[in-house]
Amino acid sequence: MATDDKDLFKKIVSHAKEYGFVYPSSEIYDGLQAVYDYGPYGAELKKNLKDIWWQSMTRLHANVVGLDAAIFMHPLTWKASGHVDSFNDPMIDNKDSKKRYRADTLIEDWAARLEAEGKPEKAQALVTEMNQLLEAENLTELRELIVREGISCPLSGTTNWTEVRQFNLMFSTEVGSVAEDASKIYLRPETAQGIFVNFLNVQKTARMKVPFGIAQIGKAFRNEIVARQFIFRMREFEQMEMQFFVRPGTEMDWYEQWRETRLRWHKALGIPAESLRIHPHEKLAHYANAALDIEFKFPFGFKEVEGIHSRTDFDLRSHQELSRKKQQYFDPELDENGKPYGNYIPYVVETSIGADRLFLMLLCSAYREETTGEGEEQKSRTYLKLHPALAPVKAAIFPLVKKDGLAEKAMAIYNELRHDFNLIYEEQQSIGKRYARQDQIGTPFCIAVDYDTMENDTVTIRYRDTMEQKRVPISALREEIGREVSAANIFKNL
RNA sequence: GCGAAAGUAGCUCAGCUGGUAGAGCGCGACCUUGCCAAGGUCGAGGUCGCGGGUUCGAACCCCGUCUUUCGCUCCA
């Protein structure tokens with residue numbers, strides 16, 4: 001990343017900490033890598049984002065309903081989903097080139113080379129042996145195999161290898177009261193499986209008809225090999241996923257439709273179109289037949305914020321096989337031949353967005369540094385240009401000075417409006433300083449009580465983005481602010 | 001995990017050839033203040049990341065360690 005962008009990102013990270021948005025976890029003990037805590041304003045902002053997502057999914061789409069499934073799930077869930085088998089990569093390092101490889105791909109590449117050299121039997125034997133060792137999770141023998149076959153590092157050309165180590169994606173923990181062999185359970189690495197295992201429960205009890213969707217917000221946990229870029233990649237994070245169940249064969253239409261719907265959603269939050277792009281996946285995960293990322297231009301480059309996957313019937317089908325419970329849906333609608341579509345396992349289109357990445361996107365997109373005036377008069381101003389519906393604090397109320405009853409008047413207004421909006425009352429220091437502080441946490445409106453207020457019950461509203469002021473009657477405040485901070489302003493652009 | 005750099009007040013940093021820690025901003029109280037980080041007075045806040053060594057004496061020199069940042073490897 002360019003130096004300017006690096007500086008900008010550093011500023012955003014320290015702004016986040018300095019003004020109560022995001023703190024490093026367990027900071028007094030020197031922190032815990034790749035874990036972060038949300039402060040007062042961060043918690044509000046994140047909650048607002050989750051609310052907007054939840055409402056736009058479940059309220060704006062009549063055929064999408066919500067779910068809140070547990071983080072702990074039966075261990076077989078992760079067998080069915082493929083997480084146990086597909087995301088346990090054996091890693092090995094070459095001590096000379098300092099490069100790290102997946103041991104299995106290293107061996108496979110070597111086998112491909114043998115085959116190219118006209119030794120297909122040898123290549124086949126190598127792969128077979130590797131698979132046996134992987135199956136048995138015998139990492140010591142796997143290393144022996146690499147050394148014995150003289151497999152060398154493509155870069156250094158040496159066979160100076162470290163031990164093979166297992167990198168597990170999933171966090172495991174113990175559940176006390178289940179049978180001994182099943183007592184190891186995992187913290188879910190994605191919320192999606194909670195939706196899949198409840199597919200029929202939801203379909204039957206909420207009387208849903210395909211096509212329909214199930215939305216869920218929840219924590220998920222992944223052991224990343226490197227966890228960097230602030231809250232972009234965390235070990236504990238929050239996902240907002242929606243699994244949309246469709247008739248087989250129609251999945252690509254829905255895939256495209258959700259791509260457009262989700263792209264519109266990001267723009268409605270105030271993200272400029274040029275900061276967003278679609279990145280289709282070349283290499284697909286084991287469960288998908290089409291996948292794309294919606295990427296945002298972070299200071300460290302275009303990176304994924306949301307993923308849209310056509311997951312086929314992979315998940316429901318594997319759950320059906322492993323649980324021996326039918327995951328079928330009977331579709332009574334008639335096809336072109338006048339016959340019902342009948343029983344089938346639905347296909348799934350997934351939209352999956354990281355709440356923390358969304359948060360970071362909004363923070364990066366809202367962060368503004370501006371200088372006003374010239375020469376001696378030059379001043380700089382930092383503010384967060386957040387949509388009023390998302391801003392953590394909706395309005396701040398100040399008395400112009402702390403005497404002549406202005407403070408009491410301002411406090412009365414605060415008390416009257418605090419049930420409707422998240423407000424801050426401040427009377428310390430100069431009013432300019434108070435405006436600046438509110439700008440830094442993105443408060444869209446500041447209400448000042450001055451001497452005119454004492455005469456005619458009007459106050460000034462000062463707008464964060466323009467710093468302009470408007471005089472309004474106290475009685476109009478609730479409606480004035482309410483109109484601006486309403487989530488409907490976002491929904492109407494969807 | 002490897003390589004590089006950095007850790008001193010809430011933040012940004014200064015601290016000379018080793019002599020027991022400072023500034024600006026911020027924060028709190030009071031005064032002043034008729035609208036964009038104004039001024040004054042007072043105040044809180046630091047075992048200089050941690051452990052060991054050298055030395056009469058270590059923020060400073062040496063060793064170790066932890067954490068963070070950046071690069072490389074993995075990433076649904």
Side-chain angles (χ1 to χ4, degrees), chain A residues 1 3 6 9-11 13-15 17-20 23-24 26-34 81-83 86-103 105-106 153 155 162-163 165 167-170 189-190 192-193 220 222-230 232-233 239 241 281 283-288 291 293 300 303-304 307 309 311 314-315 350 352 354 372-373 379-383 398-404 406 428-440 446-454 459-460 462-464 466-469:
Chain A
M1 92 177 98
T3 313
K6 207 182 273 179
F9 189 57
K10 265 188 186 166
K11 280 187 198 168
V13 172
S14 48
H15 189 93
K17 188 190 160 203
E18 190 70 15
Y19 296 100
Y23 315 123
S26 323
E27 200 187 4
I28 62 166
Y29 294 107
D30 284 331
L32 184 63
Q33 200 182 33
S81 71
H83 283 84
S86 304
F87 297 112
N88 276 346
D89 299 331
M91 312 294 293
I92 189 165
D93 296 303
N94 184 271
K95 289 180 187 167
D96 298 313
S97 64
K98 310 282 184 201
K99 290 283 169 190
R100 171 169 296 169
Y101 300 92
R102 271 176 57 174
T105 43
L106 193 68
C153 168
L155 254 170
T162 62
E163 294 303 302
R165 279 165 299 191
F167 279 78
N168 295 316
L169 172 94
M170 292 191 286
E190 63 173 13
Q193 299 306 327
R222 292 179 192 175
N223 256 320
E224 304 280 359
I225 293 172
V226 284
R228 294 261 174 90
Q229 316 290 27
F230 192 43
F232 184 80
R233 179 163 286 139
Q239 290 186 310
E241 293 196 312
H281 284 202
K283 220 177 97 188
L284 297 172
H286 61 268
Y287 51 72
D293 294 337
F300 45 89
K303 297 280 178 189
E304 175 189 359
H309 293 246
R311 293 184 76 134
F314 174 87
D315 297 278
E350 166 190 89
S352 171
T372 51
K379 284 173 180 168
S380 69
R381 179 168 92 101
T382 304
Y383 67 105
F398 312 142
L400 182 59
V401 292
K402 203 171 28 174
K403 60 179 185 185
D404 301 328
L406 268 58
Q428 301 98 316
Q429 300 171 324
S430 70
I431 196 158
K433 226 173 235 187
R434 290 178 249 157
Y435 284 142
R437 262 201 295 267
Q438 294 307 315
D439 284 345
Q440 281 154 339
C446 290
I447 295 157
V449 168
D450 58 17
Y451 285 94
D452 289 351
T453 312
M454 309 307 276
V459 291
T460 59
R462 178 259 196 193
Y463 295 87
R464 176 195 64 204
T466 59
M467 297 196 286
E468 280 165 6
Q469 286 180 308

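Chain identifiers are assigned alphabetically (A, B, ...) following the order of the sequence lines, protein sequences preceding nucleic acid strands; residue numbering begins at 1 within each chain.
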Review point. For the pair made of CG in A:L400 and P in B:C36, what is the distance, rounded to whole Å?
Key: 9 Å

Exercise for review: From the options B:G10, B:C35, B:U33, select the nucleotide whose nearest atom is closest to the side chain of A:I431.
Suggested key: B:C35

Exercise for review: Tell me what A:T460 touches on the nucleic acid: a base, only sugar-phosphate, or nothing, going by heavy atoms under 4.0 Å.
Suggested key: base

Point to revise | Pairwise C1' distance for B:A58 and B:G15, with rounding to whole Å | key: 14 Å

Review point. Checking all strands, does A:K402 fall into the base, sugar-phosphate, or nothing category for heavy-atom contacts under 4.0 angstrom?
Key: base

Check your understanding: Considering only heavy atoms from C-beta outward, does the side chain of A:P399 approach that of A:R434 to under 4.5 Å?
Key -> yes

Exercise for review: May I have the distance from A:Q428 (atom CD) to B:G26 (atom C1'), rounded to whole angstrom?
Suggested key: 13 Å

Review point. From the list B:G34, B:C11, B:C75, which nucleotide is the closest neighbour of the side chain of A:E18?
Key: B:C11

Practice item. Measure from the side chain of A:V401, starting at C-beta and using heavy atoms only, and say which of B:U33, B:A37, B:C35 lies closest. Key: B:U33

Exercise for review: Send over the distance from A:E468 CD to B:C36 C1', rounded to a whole Å.
Suggested key: 13 Å

Review point. So, does the side chain of A:R233 form a donor-acceptor pair with the base of B:C75 at under 3.5 Å?
Key: yes

**Study point:** Closest-nucleotide ordering on RNA chain B, the 5'-leading residue of A:Y435 and A:E190
**Key:** A:Y435

Point to revise | Nucleotide of B:G10, B:C70, B:A37 approaching A:K17 most closely (side-chain heavy atoms) | key: B:G10

Point to revise | Base B:C36 to side chain A:R462, donor-acceptor N/O within 3.5 Å cut-off | key: yes

Check your understanding: Which whole-number value in Å describes the distance from A:K433 NZ to B:C36 C1'?
Key -> 12 Å

Practice item. Just call it for A:Q429: base, sugar-phosphate, or nothing, with non-hydrogen atoms closer than 4.0 Å on any strand. Key: sugar-phosphate

Practice item. Please round to the nearest 0.5 Å and tell me the distance separating atom CD1 of A:I447 and atom CD of A:Q438. Key: 10.5 Å

Review point. Can A:E241 and A:R311 be counted as an ion pair, charged N to O under 4.0 angstrom?
Key: no

Review point. Mind checking the C1' distance from B:G49 to B:A38? Whole angstroms is fine.
Key: 38 Å

Review point. Considering only heavy atoms and no angle criterion, is a donor-acceptor pair shorter than 3.5 Å present between the side chain of A:S430 and the base of B:C36?
Key: no

Point to revise | Reported CG-to-CZ distance for the pair A:L406 and A:F398, which is rounded to 0.5 angstrom | key: 13.5 Å

Review point. Base, sugar-phosphate, or nothing: which does A:Q438 touch, judged by heavy atoms less than 4.0 Å apart?
Key: nothing

Review point. Considering every strand shown, what is the Watson-Crick or G-U wobble mate of B:U54 when both distances are under 3.5 Å?
Key: none

Exercise for review: Once you apply the 3.5 Å cut-off to both distances, tell me the Watson-Crick or G-U wobble partner of B:U17, or none.
Suggested key: none

Point to revise | Contact summary for A:D450 and A:L400, nearest pair of heavy atoms | key: CB-CD2, 3.8 Å

Check your understanding: Whole-Å distance between B:C74 P and A:Q229 CD?
Key -> 16 Å

Exercise for review: Assess the side chains of A:Y463 and A:E468: does a donor N or O sit below 3.5 Å from an acceptor N or O?
Suggested key: no

Revision key, fill the gap. By the Watson-Crick or G-U definition, both distances under 3.5 Å, B:A59 is matched with none

Point to revise | Nearest-neighbour nucleotide for the A:K403 side chain, B:A37, B:G34, B:C35 considered | key: B:G34

Review point. For atom P, what is the distance between B:A59 and B:G18, given to the nearest Å?
Key: 13 Å

Check your understanding: Once you round it to whole Å, what is the distance between P of B:G34 and CG of A:D450?
Key -> 12 Å

Exercise for review: Using the side chain to side chain donor-acceptor pair (under 3.5 Å) rule, pick out the option among A:Y383, A:Y435, A:Y19 that qualifies with A:Q440.
Suggested key: A:Y19

**Study point:** Side chain of A:R437 - closest among B:A29, B:C27, B:C36
**Key:** B:C27

Check your understanding: B:G10 C1' sits how many Å from A:Q440 CD, rounded?
Key -> 14 Å

Study note, to complete from the structure: Paired to B:G24 by Watson-Crick or G-U wobble criteria (both distances under 3.5 Å) is B:C11

Revision key, fill the gap. Checking N1-N3 plus N6-O4 or O6-N4 for Watson-Crick, or N1-O2 and O6-N3 for wobble, each under 3.5 Å, the partner of B:C35 is none

Practice item. Could you please name the partner base of B:U47, counting Watson-Crick and G-U wobble pairs only when both distances are under 3.5 Å? Key: none

Review point. Under 3.5 Å, is there a donor-acceptor pair linking the side chains of A:Q429 and A:R437?
Key: yes

Review point. Is there a Watson-Crick or G-U wobble partner for B:G1 with both distances under 3.5 Å, and which nucleotide is it?
Key: B:C72

**Study point:** Spacing of the P atoms in B:C30 and B:U12 (rounded, Å)
**Key:** 30 Å

Review point. How far, in whole Å, is B:U69 from B:C31 if one measures between their P atoms?
Key: 45 Å

Point to revise | Same-atom distance (P) from B:G3 to B:G64, integer angstrom | key: 12 Å

Check your understanding: Using the P atom in both, what is the distance from B:C48 to B:U8, to the nearest Å?
Key -> 11 Å

Point to revise | Atom C1', compared across B:G28 and B:C66: separation rounded to whole Å | key: 34 Å

Point to revise | Between B:A37 (C1') and A:Y383 (OH): distance, integer Å | key: 16 Å

